[in-house]
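Structure first, then comments.
When a ligand or atom number is given, it counts from 1 through the structure's own listing order. All values derive from a computational prediction rather than experimental measurement.
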Amino acid sequence: MQKIIITGGAGFIGSHVVRRFVKNYPDYTIINVDKLTYAGNLANLTDIEDEPNYRFVKGDIVDIAFINQLFADEQPDAIIHLAAESHVDRSIVSPLEFVMTNVVGTVNLLNAARENWKGRYDQTRFYHISTDEVYGTLGDTGMFTEETAYDPHSPYSASKASSDHFVRAYQDTYGLNTVLSNCSNNYGSYHFPEKLIPLAINNIKQSKPVPVYGKGENIRDWLWVEDHARAIDVIFHKAKAGSTYNIGGHNEWKNIDLINLLCAILDKKLNRPAGESARLITFVTDRAGHDLRYAIDATKLKNDLGWVPGITFEEGLEKTVDWYLANEEWLENVTSGHYQQYYNEQYANR
Ligand code: NAD
Ligand code: DAU
């Protein structure tokens with residue numbers, strides 16, 4: 001029997017990880033710890049919220065007293081740490097919030113794990129979820145491997161790189177059992193519509209301008225979020241202490257090509273004449289410090305642990321578009337900020 005704290009479980013990727021663990025491991029107790037920032041939404045988890053092996057605890061990982069009490073109350077065996085400020089554009093506006101949650105919050109959890117798991121580091125695990133953005137940017141060729149030197153350019157990626165260094169430092173200095181993975185861009189259901197794919201779907205649907213930064217030539221390597229959750233499951237259970245894995249879909253797309261593809265898919269789904277949605281594409285001022293290209297080499301994960309992506313981009317994008325078209329209320333609540341209401345109605349008085 002294992003008790004696992006999953007931080008950030010009300011967010012995009014975290015909700016998929018929570019769902020997977022709750023459904024696949026009925027003998028585990030899964031405790032979702034989340035502050036419910038603008039990005040945290042318990043409505044992402046309505047299908048599993050009443051499962052007997054699931055609990056939600058509202059709290060801020062920056063708050064040391066809260067974290068210490070959480071460890072004292074719950075005595076977890078493992079942490080899968082996803083809580084973070086995750087949006088690059090927001091980090092350019094408010095870098096300190098990213099330092100607080102992504103760096104200080106991670107160190108708070110590491111300290112609590114170090115203290116509470118003393119004498120049983122071999123039976124516990126701290127799994128830190130990170131990003132390919134720590135590696136910086138690629139030119140026209142090459143891919144990020146686990147050996148690529150860190151070279152972050154945005155306040156977001158600098159904060160994630162810093163947290164990665166702390167995780168490794170706690171493994172090397174104190175012998176804490178840590179694992180770490182760096183993943184490329186995820187897409188799929190429950191993705192907050194400030195990020196490119198859900199923002200574009202939402203805007204195209206509403207016939208609003210679709211903002212494309214610069215000339216749309218930046219390249220991202222897209223992975224179906226449920227494939228990421230499955231990779232996290234495999235790494236959590238099978239990786240050696242102290243190891244790092246890159247996770248990616250081998251699926252590079254220039255932003256403008258991706259947006260044109262989404263426009264074509266939505267023209268069909270919304271019965272619009274071919275080319276109508278593409279007229280919404282609007283080139284806007286580029287993101288400051290915009291990394292040109294990301295591409296992940298996930299060979300180590302395939303060779304060591306047998307993970308490969310499960311579905312094609314065409315399938316995943318189709319499912320994603322269908323999900324957003326079928327979940328208008330979710331989208332409406334998220335974009336209007338009303339989703340916090342769900343917590344108040346369902347949880348605040350429990
Ligand atoms: P998200 O923004 O959708 O969710 C983040 C969650 O963390 C939210 O539920 C939020 O309420 C919670 N949170 C934020 N600050 C907190 C705090 N101080 N205390 C407790 N909870 C807090 O993010 P996401 O896209 O799901 O990303 C999850 C993790 O995966 C992050 O660590 C991110 O760096 C990493 N990652 C994301 C991607 C991606 O494409 N989205 C790719 C690779 C890695
Ligand atoms: O690579 C992994 C990272 O992917 C994660 O660590 C981050 O948490 C996640 O937010 C994501 O970062 P990106 O900056 O790559 O994602 P975003 O969706 O913000 O942007 C994708 C690309 O699209 C990027 O080149 C910027 C561009 N873009 C983005 C937005 C929001 C636009 O052209 N227009 C937009 O409106």
Side-chain angles (χ1 to χ4, degrees), residues 6-18 32-42 44-45 57-63 66-67 80-92 97-98 100-102 104-106 108-109 128-135 137 144 152 154 156-157 159-160 163-164 181-188 190-200 203 209-223 225 228-229 232 246-248 253-256 258-259 281-287 290-296 340 343:
I6 299 183
T7 69
F12 165 47
I13 302 170
S15 62
H16 285 279
V17 175
V18 165
N32 171 13
V33 174
D34 199 295
K35 181 181 173 184
L36 300 183
T37 66
Y38 79 96
N41 184 0
L42 288 172
N44 296 357
L45 290 164
V57 177
K58 186 172 191 250
D60 183 347
I61 59 168
V62 178
D63 180 347
F66 164 72
I67 292 298
I80 303 178
H81 175 38
L82 295 107
E85 287 294 339
S86 68
H87 194 44
V88 174
D89 293 325
R90 288 180 189 255
S91 81
I92 295 168
E97 279 179 42
F98 285 67
M100 293 312 290
T101 288
N102 299 0
V104 177
T106 301
N108 281 343
L109 289 168
H128 181 59
I129 307 302
S130 192
T131 170
D132 60 357
E133 299 204 8
V134 298
Y135 297 125
T137 188
F144 298 133
S154 72
Y156 164 71
S157 54
S159 70
K160 292 296 290 186
S163 65
D164 291 9
S181 54
N182 299 85
C183 189
S184 62
N185 287 62
N186 287 214
Y187 71 97
Y190 303 110
H191 203 182
F192 194 84
E194 65 186 349
K195 309 281 173 29
L196 182 67
I197 288 182
L199 177 94
N203 285 17
V210 179
V212 174
Y213 297 166
K215 293 181 179 159
E217 285 176 348
N218 302 70
I219 293 172
R220 296 292 181 265
D221 178 357
W222 294 94
L223 180 69
V225 63
H228 188 192
I232 288 172
N246 278 356
I247 311 171
W253 281 81
K254 239 183 215 180
N255 290 339
I256 188 64
L258 170 57
I259 296 301
I281 294 173
T282 308
F283 292 97
V284 299
T285 308
D286 208 353
R287 172 185 279 173
H290 198 173
D291 287 334
L292 178 65
R293 174 173 166 254
Y294 302 147
I296 279 275
Q340 291 287 350
Y343 169 76

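- The nearest heavy-atom contact from the protein to atom 1 (O) of ligand 2 is Asp132 OD1, 2.6 Å.
- Contact annotation: for His87 versus ligand 1, there are no heavy atoms closer than 4.0 Å.
- Proximity to Leu36 (heavy-atom distance under 4.0 Å) selects the following atoms of ligand 1: 11 (O).
- Between Val88 and Ser91, the shortest heavy-atom distance links the atoms O-OG, 2.7 Å.
- When non-hydrogen atoms are compared, ligand 2 lies under 4.0 Å from the backbone of Lys195 as well as from its side chain.
- Of the listed options Ile197, Asn185, Ile256, Leu258, Asn185 places a heavy atom closest to atom 16 (O) of ligand 2.
- The nearest heavy-atom contact from the protein to atom 21 (N) of ligand 1 is Lys35 N, 3.0 Å.
- At least one heavy atom of Ser130 sits closer than 4.0 Å to an atom of ligand 1.
- Checked options Asp34, Ile67, Asn32, Leu109; the residue passing with Thr7 is Leu109 (criterion: side chain to side chain contact (heavy atoms under 4.5 Å, CB included)).
- Where the criterion is an N or O separation shorter than 3.5 Å, residue side chain and backbone included, Val62 fails it with respect to ligand 1.
- The shortest N or O to N or O distance between His191 and ligand 1 is not under 3.5 Å.
- With hydrogens left out, the protein atom closest to atom 28 (C) of ligand 1 is Leu82 O, 3.5 Å, a heavy atom.
- Protein heavy atom closest to atom 1 (P) of ligand 1, with residue, atom name and distance, is Ser86 OG, 3.6 Å.
- The protein atom (non-hydrogen) at minimum distance from atom 34 (N) of ligand 2 is Pro211 O, 2.9 Å.
- Residue contacts with ligand 2: Ser184 is placed with no nitrogen or oxygen under 3.5 Å of a nitrogen or oxygen of the ligand (distance criterion only).
- Here Leu199 has side-chain heavy atoms under 4.0 Å from ligand 2, and that is the only part of it that gets that close.
- Of the protein's non-hydrogen atoms, the one nearest atom 43 (C) of ligand 1 is Cys183 O, 3.3 Å.
- Nearest protein heavy-atom neighbour of atom 40 (O) of ligand 1: Asn186 N, 2.9 Å.
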Test side chain to side chain contact (heavy atoms under 4.5 Å, CB included) on His228 and Ile129; report intermediate values, then the result. CA-CA 10 Å; His228 188 192; Ile129 307 302; 4.2 Å; yes

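- The option from Ile67, Thr101, Asn44 that lies nearest to atom 16 (C) of ligand 1, judged by heavy atoms, is Thr101.
- Remark: Glu194 engages Arg90 in a salt bridge, criterion side-chain N to carboxylate O under 4.0 Å.
- Closest approach of Glu85 and Thr101 over heavy atoms only: N-CG2, 3.8 Å.
- For ligand 1, the atoms closer than 4.0 angstrom to any heavy atom of Gly40 are 8 (C), 9 (O), 11 (O).
- Shortest contact from atom 5 (C) of ligand 2 to any protein heavy atom: Tyr156 OH, 3.6 Å.
- Contacts of Leu196 with ligand 2, taken as heavy-atom pairs under 4.0 Å, involve both backbone and side chain.
- Remark: distances from the non-hydrogen atoms of Thr7 to ligand 1 are all 4.0 Å or more.
- Less than 4.0 angstrom separates some heavy atom of Lys160 from each of these atoms of ligand 1: 31 (C), 32 (O), 33 (C), 34 (O).
- Near Asn185, meaning under 4.0 Å from one of its heavy atoms, ligand 1 places the atoms 40 (O).
- Residue contacts with ligand 2, taken as heavy atom pairs separated by less than 4.0 Å, involve Val88 solely via side-chain atoms from C-beta onward.
- At a cut-off of 3.5 Å, with distance as the only test, a side-chain donor of His128 or Ser163 sits close to an acceptor on the other residue.
- For Ser184, the closest heavy-atom approach to ligand 1 falls below 4.0 Å.
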Let's go through Asn44 and Phe192 carefully: what are the C-alpha distance in whole Å and the side-chain angles of both, what is the deciding distance for side chain to side chain contact (heavy atoms under 4.5 Å, CB included) to 0.1 Å, and is it a yes or a no? CA-CA 11 Å; Asn44 296 357; Phe192 194 84; over 6 Å; no

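- Summarising the contacts of atom 3 (O) of ligand 1 with Phe12, Tyr187, Phe192, the nearest heavy atom is found in Phe12.
- Scanning all protein heavy atoms for the shortest distance to atom 38 (C) of ligand 1 gives Ile13 CD1, 3.5 Å.
- Residue His290 touches ligand 2 through its side chain alone, judged by heavy-atom distances below 4.0 Å.
- A donor-acceptor pair is defined here as one N or O able to donate and one able to accept, closer than 3.5 Å; no such pair exists between the side chain of Asn218 and the backbone of Asn255.
- Contact annotation for Asn41 and ligand 1: no heavy atom of the residue comes within less than 4.0 Å of the ligand.
- An N or O contact shorter than 3.5 Å is missing between His228 and ligand 1 by distance.
- Taking 4.5 Å as the limit, every side-chain heavy atom of Ile256 sits out of range of all side-chain heavy atoms of Lys215.
- Near Gly59, the atoms of ligand 1 lying under 4.0 angstrom from a non-hydrogen atom of the residue are 19 (N), 20 (C).
- Here the protein heavy atom with the shortest distance to atom 18 (N) of ligand 1 is Asp60 OD1, 2.8 Å.
- Among the candidates Asn185, Asn186, Val17, the single residue satisfying the side chain to side chain contact (heavy atoms under 4.5 Å, CB included) test with Val225 is Asn186.
- The two atoms that bring Asp132 and Phe144 nearest to each other are O-CE1, 3.8 Å, heavy atoms only.
- For atom 29 (C) of ligand 2, the closest non-hydrogen atom on the protein side is Tyr213 CE1, 3.5 Å.
- Taking atom 34 (O) of ligand 1 as the reference point, the nearest protein heavy-atom neighbour is Tyr156 OH, 2.7 Å.
- At least one N or O atom of Arg220 sits closer than 3.5 Å to an N or O atom of ligand 2.
- Considering backbone and side-chain atoms together, Trp222 places no N or O closer than 3.5 Å to any N or O of ligand 2.
- Taking any N or O of Asn255, backbone or side chain, at least one lies under 3.5 Å from an N or O belonging to ligand 2.
- Looking at Ala39, Ala83, Ala84, it is Ala84 that brings a heavy atom closest to atom 5 (C) of ligand 1.
- If you check which protein heavy atom lies closest to atom 8 (O) of ligand 2, you get Ser86 O, 2.7 Å.
- In terms of N/O distances under 3.5 Å, ligand 2 is not approached by Glu194.
- Nearest to atom 3 (C) of ligand 2 among the protein's heavy atoms is Glu133 OE2, 3.0 Å.
- Each of the atoms 30 (O), 32 (O) of ligand 1 lies under 4.0 Å from some heavy atom of Ile129.
- Taking atom 20 (O) of ligand 2 as the reference point, the nearest protein heavy-atom neighbour is Arg287 NH2, 3.9 Å.
- Taking every heavy atom of both residues into account, Asp89 and Arg287 meet most closely at OD1-NE, 2.7 Å.
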